[in-house]
Amino acid sequence: GAVVSQHPSRVICKSGTSVKIECRSLDFQATTMFWYRQFPKKSLMLMATSNEGSKATYEQGVEKDKFLINHASLTLSTLTVTSAHPEDSSFYICSARGLAGAKNIQYFGAGTRLSVL
Amino acid sequence: EDKVVQSPLSLVVHEGDTVTLNCSYEVTNFRSLLWYKQEKKAPTFLFMLTSSGIEKKSGRLSSILDKKELFSILNITATQTGDSAIYLCAHLIAGTASKLTFGTGTRLQVTL
């Protein structure tokens with residue numbers, strides 16, 4: 001149980017284009033999902049908290065208009081990197097919060113490696 | 001600002017060795033400490049520690065929390081090459097929607 005699927009696993013795009021990353025909870029409903037960014041040899045940095053049916057909560061320093069988050073259903077959150085630039089190249093990981101007895105545990109997707117040329 | 005510090009940053013051991021990974025924290029409103037294992041991509045959940053002094057165990061892995069010293073350790077006995085990974089410690093922030101503050105991680109390499 002508690003499987004989170006993230007797609008795509010790898011994307012290469014040209015500077016100026018937009019990229020959408022999907023995060024799905026496969027066997028449970030997730031009212032809250034999280035988006036992280038991880039730089040090489042660094043830890044996970046929380047970008048935003050995605051709440052089903054409402055606006056995402058962004059961490060300080062994260063541009064809302066740059067990283068659009070949509071959580072339209074209980075099993076799907078999307079992160080769109082708009083007008084991507086080379087400095088946006090990174091590893092993006094999503095997680096979903098468990099329910100009931102495991103509500104404080106986050107289950108992670110496999111991540112998306114974004115390369116902006 | 002909450003801070004989670006892990007040590008060592010990296011570690012190389014031989015198969016069969018026992019290792020201890022450290023996690024110290026300086027946070028306001030402590031709630032819980034979580035350990036994750038990150039192999040290639042997705043971190044996988046290992047333990048959640050809320051109470052001091054109660055050891056959590058899963059096979060060769062165990063972890064314990066000391067809330068007085070603001071410290072947790074993760075032990076791995078009889079290490080195997082499959083234990084090679086980055087081990088992440090994270091503080092669960094109280095009063096929020098289960099936000100986590102991660103430490104820098106410890107990169108463990110187990111060699112034959």
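In what follows, every chain begins at residue 1, and chains take the letters A, B, ... in the order their sequences are listed. Hydrogens, waters and symmetry mates play no part in the numbers below; they use all other heavy atoms, side chains included.
- The six-membered or imidazole ring of Phe102(B) lies near that of Tyr36(A), with a centre-to-centre distance under 6.0 Å.
- When the ring-ring contact (aromatic ring centres under 6.0 Å, His included) test is applied to Phe45(B), the partners found at least two apart in sequence or on another chain are Tyr36(B).
- Only the side chain of Glu59(A) comes within contact range of chain B, with at least one heavy atom under 4.5 Å from a heavy atom of that chain.
- A salt bridge links Arg24(A) to Glu22(A): at least one charged side-chain nitrogen sits closer than 4.0 Å to a carboxylate oxygen.
- Contacts between Leu34(B) and chain A at a heavy-atom distance below 4.5 Å involve the side chain alone, from C-beta outward.
- Pairs passing the salt bridge (Lys or Arg N to Asp or Glu O under 4.0 Å) check and including a residue from residues 62-75 of chain A, sequence neighbours excluded, read Lys66(A)-Asp88(A).
- The candidate with the highest count of non-hydrogen atom pairs below 4.5 Å against chain B, out of Gln6(A), Met45(A), Gln38(A), is Gln38(A).
- Side chain of Ser50(A) to main chain of Thr78(A): no donor-acceptor pair is present (N/O by atom type, distance under 3.5 Å, no hydrogens or angles).
- With a 4.5 Å cut-off on non-hydrogen atoms, Gln6(B) does not touch chain A at all.
- Heavy-atom distances place both the backbone and the side chain of Leu44(A) under 4.5 Å from chain B.
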